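Letters go in sequence order (proteins before strands), and every chain restarts at 1. Here the structure is a predicted model, which is why all the values come from computation and not from measurement.
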Amino acid sequence: MHLTDGLNPQQHQAMTAGIGQVIVLAGPGSGKTRVLTQRIAYLINHLGVSPFNILAVTFTNKAAREIKDRVHTQLGQAPRGISLGTFHSICARILRREADYLPFDRNFVIFDQDDQKGLVKQAVRDLNIDEKMYRPNQIYNRISNAKNDMVLADDFPVNTYRDEVIQRVFTRYQALLLNSNAVDFDDLLLWTALLLNEHPEVRAKYSQQFQHILVDEFQDTNQAQYELLRHLSSTHNNIFVVGDSDQSIYRWRGADYRNILRFQRDYPTAQTILLEQNYRSTQTILDAAMSVIRPNPNRTHKELFTDRGQGEKIIVKEVFDGRDEGRFVIDTIAKLVAAGKADPGHVAIMYRINAQSRELEEAFLHANLPYKLVGAQRFYGRREIKDILSYLRLCHNTHDEASLLRVINTPRRKIGRKTIDTLRSQSRADDLNMSAVLLSITSQEDSPYIAAYSSAALKALYAFGEKLLRWHALASDASPLDLMDRIIVDVDYQSYLEDGTDEGIERWENVMELRRLAAEYKERRLVDFLEETALVSDQDTYNPSANAPTMLTLHASKGLEFPVVFIVGMEDGTLPHSRSFDDPEEMAEERRLLYVGITRAKDRLYLLHSLNRRRFGYTEPADISRYLNDIPHELIDGGRPSGIEYSLKKRKFEIQTRWKSEIKQPKPEPIAQFQAGDSISHSIFGEGEVLDSKLEDGDEIVEIIFEGGIKKRLIAALANLKKL
DNA sequence: ATAAAGTGACTTTTT
DNA sequence: GTCACTTTAT
């Protein structure tokens, strides 16, 4: 296949643009990834650029992988030597290589958000600041925002006393990070930008290597990332960026879509290319999307068009509450599938906040239907996974206090709070870190720290310290897998997890899953394993296989597409979220968020709003989202009235009475068919014994222990149980 | 030193 | 209603 096959004139223009600065403003579904990959292939094949001289940056590993795969296909071989990855991973690599210039060594660990919050808390405590007044969470946000804007602790703007306190915490926090030989997520970008800024020779080196720079999702860059790109392109100014300011949804993380304007100002000779033709959605969906985004101020309108035709109208559905919402979604999917109009795997259900997934999940569980969840309780956020990774991190870099604190008494090994406090104060007094004190106690008979402990405490510390020394020695040449196995055996992690509950078994299975991942790093170093596990994102957890509907936040939906999309919770307070009400910039972002969601849909779009919404455990009446009124009636199925004609109170009443009459319908009261002691068989789980059976909400819930000791709670009407 | 019981914040979105 | 963290009891 020739490189230019199937490209429209604008895409072709972008691909073949000369060297220099190019900005591609790409509407949703306009083939921007395609342009990016073909551009890379073009550089290599037509301009004879060595892959070694190309840098392509994305925001997620998934996007990076996708581009890499597609370039591979395009070229017929892997682009060897190309630098292609997320901002964070590219920066981590540079920092390790250039550690000599930096205040940490090349074995630094990367602190994730949990570690960061814990460290802020630590800093607050160290300084004897009231945690109630100065919430670590809030301070963490201020610090993170400052770093994204390239503001260091010394330059932190102080306007109030509170700012002054935050500045002190910031300073302390940064010192603690270095004490652990660690950097946080924000530091990866910040340190790299500072490094390039302050060391012309390093800047020249990388700028000369990366002769051609390509950036995906440019609207999501923050100040640090922008400066980074400026430095990296400083000797040649060959920079090709792709973005869409209407899809900028990470403002709260420091992203600034105005970087697009800055780019055009900083590079007045930049070529601008507009991609407006959409290859994904029906015209109806595009029209709805445009009607939602149009009211945003200060934007250049893009007229999205497609040759796919009008397609189906949009369905707007009012439901009574979250339960009703879930039932409607499931019912509708069932009907579409039965009619052969969609596969379950073609469906996405999107919401504003993660908490909304719960009621939807319950609906699926109740109906006994499978689903996929993106993000939420992510794999790498699980306790058992963090435990094991902390062990590995600690072995790799013993200075890592966050990891030490996590594992020093997990599983319980009689090292309690008092012992840990002593360890901490000793380390602070001598300006060391806690591991250094621990290892001193372990390996030096005349260690000055020994006297402070009881003999029982000393014994416990000694036992752990010795293990740590052995693992640390192993860490330099054993594979990640071997080290992990050694640790798991040495601390008997399995019996710690498996406490006889289903949850314990599940946790152990997760550890085994991590073990499988580690096994893939046989030929690679521990540091690579740790780095890649630290930098996976929720969005990377999306698994397109398995034929089941996907639930995800609107944020997580960016970059994906689905034939059928449900957007639930279209209510003022949820979408737009009430936290955004008082800031016009944030309100504009809420619109963009909905715009992103709508434009994920290829064929069918359902917008649901509920009359009642659960908040803080209590159900409250909710108002329809203002955005629904911006969608013209003719796009909506049934020509449903929108705007002021729409009488909310009347509708509320109708729906409530309808709902009541529905539930009043005499449903035959089921009689419990099973009782404790019955022997039964199940098509999947095999034979088992009933432990308990009770009626809940008109369903018979049976608790069964199957052969092999697996306990399950099943709904009798759905589980198809046979009495034996 | 640990397990149990109680308290209070929290819900926006995440590399 | 839930989680994480703190206090209290053993």
Side-chain angles (χ1 to χ4, degrees), chain A residues 57-64 85-92 110-114 116-118 121 125 131-132 135-138 140-141 144 147-148 183-190 216-217 220-222 224-225 248-255 350-359 362 374-378 380-381 383 409-421 454 456-457 460 531-532 534-541 552-558 569 573-581 583 586-587 589-590 592-594 596-597 613-619:
Chain A
V57 268
T58 63
F59 278 85
T60 64
N61 295 299
K62 185 172 167 289
T86 63
F87 273 101
H88 291 82
S89 65
I90 300 271
C91 287
I110 299 165
F111 273 24
D112 67 17
Q113 200 182 38
D114 282 351
Q116 292 180 58
K117 286 183 177 166
K121 198 166 184 176
R125 284 182 182 173
E131 282 177 63
K132 294 254 152 55
R135 294 259 156 65
N137 240 327
Q138 290 173 8
Y140 157 74
N141 279 322
S144 179
K147 287 184 174 187
N148 288 327
V183 302
D184 65 23
F185 275 144
D186 306 315
D187 279 346
L188 288 171
L189 308 172
L190 181 62
D216 192 18
E217 307 279 17
D220 286 336
T221 51
N222 60 32
Q225 285 157 333
S248 166
I249 54 175
Y250 288 111
R251 201 182 97 89
W252 46 275
R253 216 171 69 195
M350 303 175 185
Y351 34 80
R352 178 65 180 82
I353 61 172
N354 269 315
Q356 287 174 264
S357 72
R358 168 167 264 120
E359 279 184 305
E362 279 168 8
V374 178
Q377 181 44 300
R378 45 195 280 261
Y380 290 99
R383 237 203 322 273
N409 201 30
T410 307
R412 304 257 121 91
R413 51 175 73 91
K414 302 192 171 175
I415 300 176
R417 209 188 70 197
K418 202 166 160 247
T419 309
I420 290 171
D421 281 347
S454 71
E531 190 161 302
E532 285 178 34
L535 298 176
V536 287
S537 72
D538 284 0
Q539 270 142 79
D540 298 326
T541 67
L552 72 178
T553 61
L554 289 163
H555 282 90
S557 77
K558 198 167 71 162
T574 303
L575 183 64
H577 196 274
S578 49
R579 282 235 175 164
S580 303
F581 283 160
D583 181 346
E586 286 190 20
M587 285 303 274
E589 184 142 316
E590 297 285 315
R592 295 195 290 267
L593 202 43
L594 177 57
V596 166
R613 179 63 57 191
R614 223 150 90 182
R615 236 182 137 88
F616 284 108
Y618 273 96
T619 303

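- Taking atom CD of residue A:E359 and atom P of nucleotide B:dT11, one finds them 18 Å apart after rounding to whole Å.
- Residue contacts shown for A:Q113 include a base, since a base heavy atom lies under 4.0 Å away.
- We find that CG of A:L554 is positioned 14 Å from C1' of B:dT14, with the value rounded to whole Å.
- A:A224 approaches A:K147 most closely through the heavy-atom pair CB-O, 4.4 Å.
- Taking atom C1' in both B:dT11 and C:dT6, one finds a spacing of 22 Å when rounded to whole Å.
- Nucleotide C:dT7 forms a Watson-Crick or G-U wobble pair with B:dA4, both donor-acceptor distances falling under 3.5 Å.
- Looking only at side-chain heavy atoms (C-beta outward), A:N222 and A:L189 come within less than 4.5 Å of each other.
- Residue A:T60 places its side chain closer to B:dT15 than to any other of B:dT14, B:dT15, B:dA1.
- Rounded to an integer number of Å, the gap from A:D220 CG to B:dT13 P is 17 Å.
- For A:H88 and B:dT14, the NE2 to P distance is 14 Å, given to the nearest whole Å.
- Ring planes of A:W252 and A:H555: perpendicular class, angle over 60° (limits at 30 and 60°).
- The distance between atom CG of A:N222 and atom P of B:dT13, rounded to the nearest whole Å, is 20 Å.
- Separating the CE atom of A:M350 from the C1' atom of B:dT13 is a distance of 15 Å, rounded to the nearest angstrom.
- The side chain of A:R125 approaches C:dC5 more closely than any other nucleotide in the set B:dT15, C:dC5, B:dT13.
- A:R614 comes within 4.0 angstrom of nothing in the nucleic acid, heavy atoms only.
- Taking a centre distance below 5.5 Å and an interplanar angle below 30 degrees as the stacking criterion, A:W252 stacks against the six-membered base ring of B:dT13.
- Residues A:F59 and A:T86 have side chains not in contact (no heavy-atom distance under 4.5 Å, counting atoms from C-beta outward).
- Residue A:N409 is in sugar-phosphate contact alone, with no base atom involved, counting any heavy-atom pair closer than 4.0 Å across all strands shown.
- Between the side chain of A:E590 and the backbone N or O of A:H577 there is at least one donor-acceptor pair closer than 3.5 Å.
- Among the nucleotides B:dT11, B:dT13, B:dT15, the one closest to the side chain of A:N354 is B:dT13.
- Side-chain proximity of A:K121 to C:dC5, B:dT15, B:dT11: nearest is C:dC5.
- Side-chain proximity of A:I353 to B:dA3, B:dT13, B:dT15: nearest is B:dT13.
- Heavy-atom nearest nucleotides on DNA chain B were determined for A:A457 and for A:R579, and the one closer to the 5' end corresponds to A:A457.
- Residue contacts for A:K132: at a heavy-atom cut-off of 4.0 Å it reaches no nucleic acid atom on any strand shown.
- Contacts of A:F185 with the nucleic acid, taken as non-hydrogen atoms under 4.0 Å apart, include base atoms.
- Within the 4.0 angstrom heavy-atom criterion, base atoms lie near A:E586.
- Using a 4.5 Å heavy-atom cutoff, the side chains of A:E217 and A:T58 are not in contact.
- Rounded to a whole Å, the CD1 atom of A:I90 is 17 Å from the P atom of B:dT15.
- Rounding to whole angstrom units, CZ of residue A:F581 and C1' of B:dT13 are separated by 16 Å.
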- Can A:D583 and A:R251 be said to form a side-chain contact (heavy atoms from CB on, under 4.5 Å), step by step? CA-CA 12 Å; A:D583 181 346; A:R251 201 182 97 89; 3.1 Å; yes
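- Nearest to the side chain of A:T553, among B:dT15, B:dT13, B:dA9, sits B:dT13.
- Distance from the side chain of A:R135 is smallest for B:dC10 among the nucleotides B:dT15, B:dC10, B:dT2.
- Looking at which nucleotide of DNA chain B each of A:T419 and A:R615 is closest to, the 5′-most match is held by A:T419.
- Considering only the side chain of A:K414, B:dT2 comes nearest among B:dT11, B:dT14, B:dT2.
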